[in-house]
Amino acid sequence: MDLEVRHLRVLCTIADAGSVRKAAAQLGMTQPSLTTQLRRIENAIGGLLFTRGQAGCQPTPLGRSVLSRARSIVADMSTLVTEAKEAAVSTGGARLRVGSIGSRAVPGWLRRLHARLPETDTTIHVDVSVSMLLHMVAMNQLDVAFVYEVEGFPLRLPPGVRQRVLVEREPQFIAMSATHVAAERPLVRLCDLAGDKWMVDPTADDECAAVRRAFTAVGRTPRLVHVRDNTTAAELVASAEAVCPCQPTSRPRAGTVIRPLEDDPLTVRLSVVSGPRIAEAGETDAVYADLQDAYLELAWANPAYREWLMRNDSGLLLAGG
């Protein structure tokens, strides 16, 4: 097996993610296939590159040596590709590369960007992994990204990446079947859902840990179900097989309801992260304002979220009104 840049990128991703499972999700692979590929790389090099333990996947001394060379090679190749693309774009017009978590605010954000920058080629990359979005901004593969930060699990910003908070504390609501015994309550207690299966996306950074921490605080242990497919997830919720944390701006699907959780045990902070390229272009403030307007419009139009904002005397309500 001859090592290629893609193999070196795999090693860097495993090291940065801290586990083969997380790295596989970021690379769009299954965990078994990534494990097999790692073994082939180790066989080609002739030694163990990572060890697994309670602290996650850690590089061996040989692994650290290989990674020190691999990172520079991967970075040089990424820079080469990026500079080539930018050179091509410079002959064809301006370009804005936008990244985002999944959010209903994205269409409104893009609509405002297109209206304000009609001559700019604006692209969008949506990813469930905040770590991947941060990495892409740091590697100059994205100019700006809309990300979240789970309360209690602070973001690790790569060097050169700037962060600007959009919403300091956004509550996470709960989606459940319309036939659920708690569906008629305007406010649902976490302990009332302790007997339910909680559906989480294993590729979403810190989501599982946040749910576990919230249940630990009330002396319970959650029953977690890992589902990545949105269609399957919606069907499982509608059929009362599970409940699912969701954004407060979400719309209920057929057969489901969305309710706020008492005392907001699950919250996130929403931010815009950006690299030096957009700052040099003087676009940071305007791009941030476009997303802020899109989010406020969505929050104000959602009855359940608007009621929560009123109950918590949020500053967002004044901005939205």
Any chain of hydrophobic side-chain contacts (each under 4.5 Å) joining Leu155 to Val128? no
Under 4.5 Å between side-chain heavy atoms, counting indirect links through other Ile/Leu/Val/Met/Phe/Trp/Tyr residues: same cluster for Leu187 and Ile258 or not? no
Is the shortest side-chain N to carboxylate O distance from [X] to [Y] below 4.0 Å?
{"X": "Arg185", "Y": "Asp192", "result": "yes"}
{"X": "Glu119", "Y": "Arg95", "result": "no"}
{"X": "Arg116", "Y": "Asp290", "result": "yes"}
{"X": "Arg71", "Y": "Asp16", "result": "yes"}

Among Arg104, Arg306, Arg112, whose salt bridge (Lys or Arg N to Asp or Glu O under 4.0 Å) with Glu297 holds? Arg112
Indicate whether any N or O donor in one side chain lies under 3.5 Å from an N or O acceptor in the other, for [X] and [Y].
{"X": "Thr267", "Y": "Glu151", "result": "yes"}
{"X": "Ser33", "Y": "Thr30", "result": "yes"}
{"X": "Thr120", "Y": "Thr122", "result": "no"}
{"X": "Gln26", "Y": "Thr13", "result": "no"}
{"X": "Glu207", "Y": "Tyr148", "result": "no"}
{"X": "Asn312", "Y": "Arg169", "result": "no"}

With Pro171, the side-chain contact (heavy atoms from CB on, under 4.5 Å) member among Asp263, Asp264, Leu266: Asp264
Within the side chain of Ser250, is there an N or O that forms a donor-acceptor pair under 3.5 Å with the backbone of Cys246? no
To the closest 0.5 Å, what do you measure between CZ (Arg277) and CG (Leu142)? 11.0 Å
Is the distance between the ring centroids of Trp198 and Phe215 less than 6.0 Å? yes
Would a 4.5 Å heavy-atom cut-off, applied to side chains only, mark Val137 and Val144 as touching? no
